[in-house]
Amino acid sequence: MSVQEQSSEEPGGAPVEESAPAGAHPRSLAEDLRARDDSSLSALLRARPDLITPVPTDLTQLATRAGTRASVIRALERLDRFTLQTAEALAVAPDPAPYGTLQDLLAGDADDPVVVEALPHAVRDLREQALVWGSDDRLRLVRTARELLAPSPQHPSPTGLGPTVAEATTGMSPGRIQELLTAAGLATTHDAVSAVESLTGLFTDRARMSALLDSAPPESLEVLSRLVWGPPYGQVTADPAARLRWLLDRGLLLPTAPGTVVLPREVALHLRAGRAHQRTEPLPPPVEPVSVHRPQVVDSTAAGQAYTALATVEELLKDWDEGGPSVLRAGGLSVRDLKRTAVALDLPEPAAAFWVELAYAAGLLASDGAAEERYAATPAHDEWLDLPAAERWTWLATAWLSATRTAGVVGGRDAKERTLSALGPGLDRSAAPEVRHRVLSLLAALPEGGSASPDALVARLHWERALRGAAASDDLRSRLARWTLTEAESLGITGRGALSAHGRALLGAPPGAPAPEPAAGPGDKLPVHHRRHQHRHPRPAPAPEHRSPAELAAAAARAASLLAPLLPEPLDHVLLQADLTAVAPGPLQRPLADVLDVLADVESKGGATVYRFTPGSVRRALDAGRSASDLQAFLTAHSRTPVPQPLAYLIDDVARRHGHLRIGAASAYVRCDDDAVLNEIVADKRAQGLRLRRLAPTVLAAQADPATLLEGLRAMGFAPAAESAEGDVLITRAHAHRTPPRTPPEPVPDGPPTPDNTLLSAAIRAVRAGDLASTTPRKASAAPERNGVLPRTTSAETLATMQAAVLTGGTLWIGYVNAEGSASQRVIAPVRVEGGFVTAYDHTADEVRTYPLHRVTGVAELADDQA
């Protein structure tokens with residue numbers, strides 16, 4: 001290998017800046033990036049947004065950052081399985097590797113046609129993300145990726161391959177290597193290097209290797225078969241058996257440590273028919289519909305679930321309207337409060353945790369921040385209630401899609417073995433929005449009304465994010481996918497497992513259209529046959545959707561317009577029955593529902609809600625300021641059936657006794673115009689705890705506060721009314737407790753956000769400008785500047801050089817320090833120098849700028865061919 005062909009990367013992946021002759025192969029990643037156009041750099045920064053934070057000063061710094069361990073690991077984690085297998089194959093291939101060698105490692109001796117067609121796309125992805133660089137005849141994996149993926153005793157390769165013959169024989173005595181050649185039937189050599197090359201040539205020659213193995217004992221071949229797919233290491237005793245001795249004598253097994261042997265990589269590849277992986281997966285697992293329902297059935301089922309979702313959230317917030325459970329000292333709901341909420345909602349605890357977390361993510365509830373902190377509805381809840389039902393649903397659904405708080409982990413343990421509680425800390429999972437969006441996008445790619453198997457969706461996600469999903473079937477992404485299916489069904493985004501029309505609109509996908517494929521990048525030479533496979537199984541975009549607020553609002557509005565006709569219209573009537581119940585055959589208009597919630601108790605819910613009238617519920621309405629005539633008129637106006645006589649009697653009877661007794665503050669007193677009633681109270685043994693005494697024929701005094709006295713007499717069967725100090729009846733209404741204005745919890749991003757086009761354009765412009773300043777040749781001077789160091793000249797020299805450049809129209813290289821103290825290099829063409837300022841055309845910024853001369857560190861003339 002010539003010096004020009006060797007990699008110019010330092011250990012750790014940082015490229016050393018070198019310049020190559022025109023038309024030569026790039027000798028560093030920085031040179032490779034320098035040869036790319038703006039669209040290719042945009043694709044790199046979009047796929048790896050961590051490289052743009054902060055914006056690199058030039059392409060050399062960008063290449064250095066792209067080779068850092070943290071950035072490379074993150075990039076590898078986001079590769080699909082076949083692209084990762086391609087990188088793993090490059091890690092065990094020679095460096096650099098011709099494209100043909102890489103293809104042989106993946107397609108094997110049989111030249112699998114699907115692999116052959118898929119490989120250009122994988123190489124393009126790796127090259128686009130700066131994990132691979134160089135031309136097709138000299139493909140190089142960045143140094144850090146090679147270190148992560150190459151086999152070693154401490155970190156076995158995912159391929160199951162071991163070290164090469166040259167690596168395994170390092171430190172072996174020359175005499176022992178010559179013995180291996182003799183036993184293998186090869187001629188001895190004069191040095192160890194040529195001996196290793198001779199042995200390697202034997203193991204990579206298919207014909208000679210087959211002849212050697214044909215002469216091997218069957219027991220020895222059985223040993224090789226156990227090591228061929230990895231792990232390649234085995235244990236031997238000090239006196240190996242004959243089957244092992246035969247392999248050791250011929251170098252088919254090589255010692256690596258006392259008692260340990262390894263199968264050389266070349267031998268394993270021969271036994272594998274040239275394949276680096278036991279199972280190469282060029283195509284994603286298919287996600288096929290397991291059942292197909294009529295779209296109308298799916299939409300109606302999803303709409304029913306959406307209506308139930310709204311009712312559940314409303315009931316939850318109504319239950320906490322006067323102040324909900326207390327906030328734990330560490331934050332969140334206690335287990336007891338979650339159980340109580342689950343009972344109130346008639347749901348299992350995991351489902352109750354989901355609805356509580358959804359309301360929190362939507363900004364409808366929060367902690368009130370008081371000294372004794374409690375959870376309560378926020379002011380946004382009142383705004384939410386005033387919206388039409390379909391818009392209330394999109395409020396919840398869009399909050400769920402982008403939320404990183406994950407209710408599914410409630411009840412689990414954090415890293416410190418503390419229980420994770422609903423509304424508490426530690427519930428954010430940054431991958432949740434991306435997984436939700438991807439699962440729904442896969443459902444959107446199915447025919448309308450089609451549902452998929454959860455196992456098929458999980459397998460697809462594992463293929464798309466190979467490193468994250470390779471550990472176990474119950475990893476986080478798998479659980480997130482299964483929770484997504486359950487939660488989407490509960491919310492009404494899906495119906496019977498299929499994506500609904502309003503769910504599809506929420507994603508921004510047109511009705512009946514499959515999920516869009518990512519646009520082909522520059523240099524994509526994917527064959528037509530494989531593109532057909534890609535159309536059937538589109539590869540995912542590298543990140544979840546990134547839509548502008550206007551696009552999100554338009555998608556929500558479209559989803560609401562599709563859902564609205566499917567939701568039941570609120571009714572303005574109920575059906576009164578003789579058994580003191582009222583049946584609401586559907587959702588009620590809000591004023592009617594609010595009055596009924598006070599006047600009656602909910603007995604059962606479902607498609608129809610049954611309300612029951614009791615003396616207590618009627619008294620509750622009277623306490624709220626309603627009169628008997630008001631209640632009678634209200635029921636008459638809103639009932640499709642006549643008011644039953646038992647209900648009319650109940651209202652009149654409770655109203656007749658309501659307020660007959662009056663309770664005020666003495667400590668407390670009772671007054672009544674009928675002294676016989678007061679005599680009855682005094683004689684009742686249940687009143688002993690109130691310690692009543694008669695002050696006048698119509699007044700009793702009590703040594704209890706008015707509230708206790710009020711509740712005590714009600715428990716005895718009376719219907720007292722509280723009165724003010726002026727003697728007026730006090731009207732009591734439920735107090736709606738609200739938190740101060742609160743913002744919903746911010747999602748925790750999964751790494752840096754994907755930059756938009758404006759930021760990408762500005763960043764690329766800045767990087768190229770810095771690169772121009774750092775790589776433009778300068779004229780030789782008495783004190784030549786080192787690469788990357790700002791030029792240094794005196795003020796007089798700087799001024800004279802600037803003035804000369806104005807006269808000659810020359811171009812200069814300057815060092816400049818801005819007001820914030822940041823230093824940079826610039827290439828300028830001075831136009832005017834006056835008043836301590838230089839006005840010049842700045843080639844790095846591509847515009848005319850004015851610079852204070854006192855901030856210019858120095859100046860140097862450019863070489864004539866660059867001026």
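- Taking each heavy atom of T378 and G363 in turn, the nearest pair found is OG1-O, 2.6 Å.
- With rounding to the nearest 0.5 angstrom, the CG atom of L440 is 8.5 Å from the CG atom of L506.
- When every heavy atom of H462 is checked against every heavy atom of D475, the shortest pair comes out as NE2-OD1, 3.3 Å.
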Starting from the C-alpha separation in whole Å, work towards a yes-or-no answer on salt bridge (Lys or Arg N to Asp or Glu O under 4.0 Å) for E434 and R465. CA-CA 11 Å; E434 186 253 338; R465 293 288 183 269; 3.8 Å; yes
Derivation and outcome, side chain to side chain contact (heavy atoms under 4.5 Å, CB included), residues I493 and L507: CA-CA 10 Å; I493 294 177; L507 288 179; over 6 Å; no
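- If you take CD on E711 and CE on M716, they are separated by 13.5 Å, rounding to the nearest 0.5 Å.
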Would you please test L310 and W395 for side chain to side chain contact (heavy atoms under 4.5 Å, CB included) and show each step? CA-CA 10 Å; L310 294 177; W395 184 315; over 6 Å; no
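- Partners of D346 under the side chain to side chain contact (heavy atoms under 4.5 Å, CB included) rule, at least two apart in sequence or in another chain, do not exist in this structure.
- L396 and A362 make their closest contact through CD2-CB, 4.0 Å (heavy atoms, listed as atom of the first residue, atom of the second, distance).
- A donor-acceptor contact shorter than 3.5 Å is absent between the side chain of E373 and the backbone of S367.
- Salt-bridge annotation for E464 and R460: present, with a side-chain N of the basic residue lying under 4.0 Å from a carboxylate O of the acidic one.
- When side chains are defined from C-beta on, F718 does not count as touching R657, because their heavy atoms never get closer than 4.5 Å.
- Shown here are the side chain to side chain contact (heavy atoms under 4.5 Å, CB included) partners of S402, two or more places apart in sequence or in another chain: there are none.
- Side chain of S500 to backbone of G503: a donor-acceptor contact under 3.5 angstrom is found.
- Tested against I651 for a side chain to side chain contact (heavy atoms under 4.5 Å, CB included), the candidates D630, L622, L631 yield a single pass: L631.
- Within the 4.5 Å cutoff, the side chain of R620 has heavy atoms near those of the D601 side chain.
- With sequence neighbours excluded, the residues forming a side chain to side chain contact (heavy atoms under 4.5 Å, CB included) with R640 are D572, H573, L575, listed by chain and number.
- With no hydrogens or angles considered, a side-chain donor-acceptor pair links D428 and T404 at under 3.5 Å.
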Before you tell me yes or no, could you show the steps for F613 and L635 under side chain to side chain contact (heavy atoms under 4.5 Å, CB included), namely the whole-Å CA-CA distance, both residues' side-chain angles and the distance that decides it to 0.1 Å? CA-CA 12 Å; F613 300 94; L635 292 175; 4.2 Å; yes
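- At least one side-chain heavy atom of W355 sits less than 4.5 Å from a side-chain heavy atom of S490.
- Counting only heavy atoms from C-beta outward, the side chains of V574 and V583 never approach each other to under 4.5 Å.
- Counting heavy atoms from C-beta outward, L491 and F354 have side chains that approach closer than 4.5 Å.
- Not a single ring pair (Phe, Tyr, Trp, His ring centres under 6.0 Å) links H293 to another residue, sequence neighbours left out.
- Side chains of L571 and L592 form no contact here, defined as non-hydrogen atoms less than 4.5 Å apart.
- With sequence neighbours excluded, the residues that form a ring pair (Phe, Tyr, Trp, His ring centres under 6.0 Å) with H502 are W393.
- The main-chain N or O of G449 is never found under 3.5 Å from a side-chain atom of R294 such that the two would form a donor-acceptor pair.
- For E603, the CD atom sits in a packed shell: over 12 heavy atoms of surrounding residues, nucleotides or ligands are nearer than 6.0 Å.
- Between S478 and L461 there is no side-chain heavy-atom pair separated by less than 4.5 Å.
- R436 has its side chain within reach of E487: a pair of non-hydrogen atoms, C-beta onward, lies under 4.5 Å apart.
- Closest approach of L599 to S617, counting heavy atoms only: O-OG, 2.9 Å.
- Between the H638 side chain and the F634 main chain, a donor and an acceptor come within less than 3.5 Å of each other.
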Test log, rule side chain to side chain contact (heavy atoms under 4.5 Å, CB included), inputs L563 and Y307: CA-CA 10 Å; L563 176 62; Y307 169 71; over 6 Å; no
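- Listed for the T641 side chain is a donor-acceptor partner under 3.5 Å among the backbone atoms of L576.
- Residues T581 and D579 have side chains that bring a donor and an acceptor to within less than 3.5 angstrom of each other.
- Annotation for L387 and R392: closest pair O-NE, 3.2 Å, computed over non-hydrogen atoms.
- No side-chain donor-acceptor contact under 3.5 Å links S639 to the backbone of T636.
- Closest heavy-atom contact between S421 and L427: O-CD1, 3.5 Å.
- Side-chain contact annotation: T419 with R413, donor-acceptor N/O pair under 3.5 Å present.
- In this structure, T406 contributes its side chain and G408 its backbone to no donor-acceptor pair below 3.5 Å.
- With sequence neighbours excluded, the residues forming a side chain to side chain contact (heavy atoms under 4.5 Å, CB included) with S334 are L328, R336, D337, listed by chain and number.
- When atom types are taken as modelled, the side chain of E357 and the backbone of L423 share a donor-acceptor pair closer than 3.5 angstrom.
- Between atom CZ of residue R558 and atom CZ of residue R504 there is a gap of 10.5 Å, rounded to the nearest 0.5 Å.
- With rounding to the nearest 0.5 Å, the separation of OH in Y375 from OH in Y360 is 7.0 Å.
- Atom CD of residue E448 and atom CG of residue D299 lie 8.0 Å apart, to the nearest 0.5 angstrom.
- The distance from atom CD of E391 to atom OG of S561, rounded to the nearest 0.5 Å, is 10.0 Å.
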